[in-house]
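The model shown is predicted, which means the values in this text are computed figures rather than measured ones. Residue numbers start from 1 in every chain, and the chains themselves are labelled A, B, ... in the order their sequence lines are given, proteins ahead of strands.
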Amino acid sequence: MASSPSLLTKISHPFHSLSSLYPTKITLFDFATVQSFNFLKNFSSNADSTNFHNFNFDSFFANLIDNSSQKTNLEQVHAKFFLLGIHQRGFLITKLINAAVNLGEIGYARKVFDEFSDPDVFVWNAVIRGYSKYNLFAGAIELYSRMQVLWVSPDGYTLPHVLKACGGLPCLKMGQQVHGQIFRLGFEKDVFVQNGVVAFYAKCGKIASAKVVFERLEIRNVVSWTSMISGYAQNGQPIEALRIFDEMREMGVMPDWIALVSVIRAHTDVEDLEHGKSIHSFVIKMGLELESDLLIALTAMYAKCGQVMVARSLFNQMKVPNLILWNAMISGYAKNGYADEAVKLFRDMISRNIRTDSITARSAVLACAQVGSFELARWMDNYISKSEHRDDIFVNSALIDMYAKCGNVDMARIVFDRTLDKDVVVWSAMIVGYGLHGRGREALDLYQLMNQAGVHPNDVTFLGLLTACNHSGLVEDGWKLFHCMKNYGIEPRHQHYACVVDLLGRSGYLDQAYDFIMNMPIEPGVSVWGALLSACKIHRHVTLGEYAAERLFSLESYNTGHYVQLSNLYAYARMWDRVAKVRVLMREKGLSKDLGYSLIEINGKLEAFRVGDKSHPRSKEIYEELESLERRLKQAGFVPDTYSSLHDLNDEEMEETLCNHSERLAIAFGLISTAQGTTLRITKNLRACINCHSATKLISKLVNREIIVRDANRFHHFKDGVCSCGDYW
DNA sequence: ATAGGGTTAG
């Protein structure tokens, strides 16, 4: 080993400037320095004994850091810094921290930072960037405050990261302070900093402030434009987002892939498939179709616009599993009624050990709610309660909703009770659940508890309460609650007004309902007129019902349901000529009655039946059971109302058809496939028809079973000859 | 020496 005295003096040379700062350390490390020199020789051809006094440690280590692909490499380099006594070189520490951040080793980056005694602005920027990059916003802000306590002034590189953190939390107050500071420090012309300010205000929902800052900018680049576009997209103004995009194109600014992601999101929100497709072709023209985040955005767009097949083919193009892509696909399936596909994909994810997050869990739970299978719901609950998502309140509110929609509001209550830190959505989900099942009293009791817990209700809470009152006949309570809304500063929406119309209509106050509609501060829509028509049908108020129907036809002339409701009103009032007229009207418009179907869950498997369905393998037994049920119904004095349904048949045929209604087939199948006393759970796509409703009531008594039917509108619990809906639906 | 904007959602 060449360790002559002359060599040692020469080795200390590169540290001259440092040794004046840290003289003692250099002396202490003399021996180690020699050892490290050998280390350097192993790595670098220029570290030989002839030119080492010119050796450039900065570039040597910078190179070494750049080529580090693991945390251990960085740790070795950092150890050498100590050995060589260069561990206080800001340049190298900055490099090291940035490298650690780029490897995702934020904890290690922080450790290096903490061992550094006197960080300059570069070092601060590196560590703050790390926290901001990985969405550790509180950490970024805490570091930023410490930086200022130590009198290190932020520069144009610090501020964008800090602004990202303020927007990410979001914390309006903090960001506004930073904005003030930016003004004082004179960064109003710095486009990087100002873009950060725009994005910050947009994320805090202060889109007007964002716009002011944006418009004051003299130079706007693609990032400035993107900040505005995404700002509008994030704040529920997709149309405005698209307008800004057009403006940007007119100014000749070329979008990059991130800009396009925001534009696609705006198209996704307006569900404008046509323009979305043209953006897709634009993406291809720009040669950006392989950009994975664009692929994700496009998949989400097609999925949300109902084109799940197209979405799936894009999804299949992605080679490496991506969490957000899977989430987009699962929620796309769930939203468009492909619930079984959504659940299949979720199970696929689990079996392939792809990481799930709380959004995945929420989407999967949402899908289960739509499937309506109680067994599946239990499976999902069981999975979630064993997973890391068990305490996530978003997931739990979805679970509450799921159980309620799968017919078991008591299980929903169990989830509700085990949810800690209930927020307004958790409370509302439970209240809506009780409402759906006509358990109005419990909904109101829960509302009391919610008030005692100091949780402020929102519009959904009131919607749940009003629905609960409707479904349980609590007319007085509902009326009072509606007038309570303004005390909480909540503006009633269409649905709330529709509930009140329903409420008044239920008790036969049809003229009052009409007056109420006429005095609404907003234009009455489909839900309101629909509620009035429905009430008119129950009370056989033909003239008012015709008026409501007219309004409905002008609002939605192709919605079959409105025609069927009017026809049912005429049938209830025994005005057969008008029933026929509606039928002619529908034929002229090319409309036909939606085909009814029912699903019944047997041993966790859903079986589907249509009207007069004979395709089931046990069809023969089913019809035998059906006949025996008919006999027992007749013996019990049941007389079917043969005219209340929209059919052009003679009486005998009609009676037969009514007995063949899909829910009857489902009930018959349920009775022969399950043990005595088992609850039957049925889901149907339309509202319950009056005949089947009366028949099911009686059947529940005759066979001594609880029968739970989820129709298009609500749940009916049939037991001992009565239904929880009180015959109003 | 270092940067900024985006996607899934009860």
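- In this structure, NZ of Lys133(A) is placed 14 Å from P of dG6(B), rounded to the nearest angstrom.
- Taking only side-chain atoms of Thr226(A), from C-beta outward, the nucleotide of dT2(B), dG10(B), dG5(B) with the closest atom is dG5(B).
- Within 4.0 Å (heavy atoms only), Asn221(A) reaches at least one base atom of the nucleic acid.
- Taking a cutoff of 4.0 Å between a charged side-chain nitrogen and a carboxylate oxygen, Arg110(A) and Asp114(A) qualify as a salt bridge.
- For dG6(B), one of the phosphate oxygens OP1 or OP2 lies less than 4.0 angstrom from a side-chain nitrogen or oxygen of Ser230(A).
- If you take CG of Asn102(A) and P of dA1(B), they are 17 Å apart, rounded to a whole angstrom.
- Distance from the side chain of Val261(A) is smallest for dT7(B) among the nucleotides dA9(B), dG4(B), dT7(B).
- The side chain of Ser397(A) lies closest to dG10(B) when the candidates are dG10(B), dG5(B), dG4(B).
- Protein atom CD1 of Ile279(A) is 15 Å distant from nucleotide atom P of dT7(B), rounded to whole Å.
- Of the listed nucleotides (dT8(B), dG6(B), dG4(B)), dG6(B) has the atom at the smallest distance from the side chain of Gln234(A).
- For Phe91(A) and dA1(B), the ring-to-base geometry does not satisfy the stacking test (centroid distance below 5.5 Å, interplanar angle below 30°).
- Phosphate proximity of dA9(B) to Ser331(A): present, with a side-chain N or O under 4.0 Å from OP1 or OP2.
- For Arg129(A), taking side-chain heavy atoms from C-beta onward, the closest of the listed nucleotides dA3(B), dT8(B), dG4(B) is dA3(B).
- Each of dA9(B), dT7(B), dG5(B) was ranked by its minimum atom distance to the side chain of Ile324(A); first place goes to dT7(B).
- With respect to Asp58(A) and Lys95(A), no salt bridge is recorded, no charged nitrogen being found less than 4.0 Å from a carboxylate O.
- The aromatic rings of His275(A) and His267(A) sit parallel, their planes meeting at an angle under 30°, below the 60° perpendicular limit.
- With dT7(B), dA9(B), dG6(B) as the choices, the nucleotide that has an atom nearest any side-chain atom of Arg362(A) turns out to be dA9(B).
- Applying the 6.0 Å contact sphere to CD1 of Ile219(A) captures no more than 12 heavy atoms from other residues, nucleotides or ligands.
- Of all nucleotides listed (dG4(B), dT8(B), dG6(B)), dG4(B) comes nearest to the side chain of Val223(A).
- Rounded to a whole Å, the NZ atom of Lys203(A) is 6 Å from the P atom of dG5(B).
- With Trp225(A) as the partner, the ring-ring contact (aromatic ring centres under 6.0 Å, His included) test is satisfied by one option alone out of Phe245(A), Tyr232(A), Phe214(A): Phe214(A).
- Summarising the geometry, the separation between CG on Asp190(A) and C1' on dA3(B) is reported as 9 Å, rounded to the nearest angstrom.
- Rounded to whole Å, the distance from CG on Asn195(A) to P on dG6(B) is 11 Å.
- When heavy atoms are screened at a 4.0 angstrom cut-off, Val193(A) is found touching no nucleic acid atom at all.
- Summarising the geometry, the separation between CD1 on Ile65(A) and P on dT2(B) is reported as 12 Å, rounded to the nearest angstrom.
- Here His161(A) reaches the OP1 or OP2 of dG4(B): one of its side-chain N or O atoms lies under 4.0 Å away.
- Aromatic stacking of Phe192(A) on dA3(B): satisfied, with centres closer than 5.5 Å and planes within an angle under 30 degrees.
- Note on Arg265(A): a side-chain N or O is less than 4.0 Å away from OP1 or OP2 of dT8(B).
- Listed candidates were dG10(B), dT2(B), dT8(B). Nearest to the side chain of Phe394(A) is dG10(B).
- Of the candidate nucleotides dG4(B), dG6(B), dG10(B), dG4(B) has the atom lying nearest to any side-chain atom of Val191(A).
- Put simply, NZ on Lys164(A) is 18 Å from P on dT2(B), counting in whole angstrom units.
- Residue-environment remark: CZ (Arg216(A)) stays at or below the threshold of 12 foreign heavy atoms within 6.0 Å.
- Asp256(A) contributes a side-chain N or O that forms a donor-acceptor pair with the base of dG5(B) under 3.5 Å.
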